[in-house]
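Lettering of chains follows the sequences in order, A, B, ..., and the numbering in each one begins at 1. The model shown is predicted, which means the values in this text are computed figures rather than measured ones.
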Protein chains: 2
Amino acid sequence: MPPRRLTATAVENDRTGSETLTLVDTAYRDLRRDIIGGVFAPGQPLRLEVLRARYGLSFSPLREALNRLQSERLVQSAPLRGFSVAPFSAAQMWDAVETRVLVECEALRRAIAAGDDAWEARIVAAFHALNLKTKRLATRTTPPTAEEAQEIETSHYEFHRALIDVCGSPRLLDLADKLYAETERYRQPTLTGRTPKGTPRDVALEHREIMDATLAREEARAIELLAAHYRRTATLVEASLDAK
Amino acid sequence: MPPRRLTATAVENDRTGSETLTLVDTAYRDLRRDIIGGVFAPGQPLRLEVLRARYGLSFSPLREALNRLQSERLVQSAPLRGFSVAPFSAAQMWDAVETRVLVECEALRRAIAAGDDAWEARIVAAFHALNLKTKRLATRTTPPTAEEAQEIETSHYEFHRALIDVCGSPRLLDLADKLYAETERYRQPTLTGRTPKGTPRDVALEHREIMDATLAREEARAIELLAAHYRRTATLVEASLDAK
DNA sequence: AAGATTGATTCTTTCGAAAATCCTTCTAGC
DNA sequence: GCTAGAAGGATTTTCGAAAGAATCAATCTT
């Protein structure tokens, strides 16, 4: 039997049907998910042989995917020494967070100036979807499955994205996505651990206030709240980083 | 005679001696230079076979280099349809310019707050180096060679980089570099063409004013001048884009 | 004549192996 | 005992070819 080569369409079009994905794309997507999800520890070398076995791909698509991830600062590389997961450091996290604040606040400013009815509707919808999922999990006693965690994750992303989606700048949105991934990687470890004592936090309330200020077109207030939201998260992450 | 394979060190260490560059690195550097320099026209497909012949490399390093350039928006790619030089459009240029203004103004703000004596010295030195080179060329009648143009280019970059180098944020500096490359590509065609009539411009004076405000730590004024500097360039580029 | 189908060609994408380099360990010399 | 150097193994990087997909043109059908 001739060995069937894994091809772009053979792998992906089964499910999507619409978009053609190359193996580079799938490698990129999977690697990104696993790095953000903490499957590979920060600083850990990413041996090509290991990745090859894990994802069932050849070197070429893996290397290309790693190159893309490098430009997002999720992986590092030294010439002739291969790739490794970007290490954790408080300084790097703060740089990512502050850059994110700069980018997303500017994007929010423009979105507030340009947003229409559909924009408002999408924000409200995303907010409710996120809240529903969060509450549904909070009332249960069993810990969330990986899939459920991923869903919350996505809803969280959708909400923040809905705020700025109409800002009109492809570059700002692209940057926001990359910085989201970077900071999310730092947030991940704190999700499983307990919250630091003495700092109760109502994330849902923070989201509501951001949404209210945005829909009321109170630009200055919305920006201030959004920045505070991200910095508060960063402070908590930093505390849990130090605790280790 | 066994064919000697082109290796990283064999190619580059002859000159640099210090750093090891892989073929991917050289491919990236050369392609980037040629795309910015306008060797390949905007929108032009980048056939791998052509690149292979031009740079004397195999597919793998070329593809990886193109992947990196894609994340800088210098090249585009569609699945199974290969790579092409990012096309020109006024909207894209303005997005790049406005993002650059956002990033560099923030970086300049921080640099002014953090800059020390060495920072000031480097700015002054870069300013003089740029001015010397520009004046030397202006007094001549013969048009500048490609090498001289490249030197001016580099000096120009050095000056703007010197302003913000101490801002303390790797991400902002990285973004500034990428956006510089992107906008430089648009500026390139206007260099050879004549300047639009009726708009005499003293770039050297603009640079001096930016430098003076920066060294005087007049944050608001420095930022305003820098932003105006970039937007003025963009306006001229736009005019020459429309002219075609 | 317009549209669909087939076939040839061009190009991208993927693979696996070979070459080059790095890293560890072992040996020899002092 | 300790350092320098060399051999061996592990890993990355590069190559060339093979496979798959898109494009273009010609033919056939309606």
Residues from residues 44-51 of chain B lying under 4.0 Å of DNA chain C - heavy atoms: L46(B), R47(B), L48(B)
Residue that, paired with L108(B), satisfies side-chain contact (heavy atoms from CB on, under 4.5 Å) out of I164(B), L172(B), V103(B): I164(B)
Selection residues 73-96 of chain A - residue pairs positive for salt bridge (Lys or Arg N to Asp or Glu O under 4.0 Å), sequence neighbours left out: D95(A)-R171(B)
For DNA chain C, the residues among residues 60-72 of chain B that have a non-hydrogen atom under 4.0 Å from it: R63(B)
Residue closer to the 5' end of DNA chain C, S58(A) versus P79(A) (nearest nucleotide): S58(A)
Aromatic plane relationship, Y180(A) with H156(A) - under 30° parallel, 30 to 60° tilted, over 60° perpendicular: perpendicular
Pairing residues for D116(A) by the side chain to side chain contact (heavy atoms under 4.5 Å, CB included) criterion, not counting sequence neighbours: A118(A), W119(A)
Nucleotide nearest R81(A) (side chain, heavy atoms from C-beta), chosen from dT14(C), dC22(C), dT13(D): dC22(C)
L57(A) CG - dG16(C) P separation (whole Å): 11 Å
Distance in angstrom units between L21(B) CG and dT21(C) P, rounded: 13 Å
Partners meeting side-chain hydrogen bond (donor to acceptor under 3.5 Å, both in side chains) with E238(B) (sequence neighbours left out): W94(B)
N-O pairing of R161(A) and E158(A) below 4.0 Å: no
Whole-Å distance separating the CZ atom of F59(A) from the C1' atom of dG16(C): 8 Å
Q92(A) (side chain) donor-acceptor with S89(A) (main chain) under 3.5 angstrom: no
Distance, rounded to the nearest Å, where R52(A) contributes CZ and dG16(C) contributes P: 6 Å
Distance in angstrom units between L80(A) CG and dT12(D) P, rounded: 11 Å
Qualifying residues under side chain to side chain contact (heavy atoms under 4.5 Å, CB included), relative to E151(A), sequence neighbours excluded: K133(A)
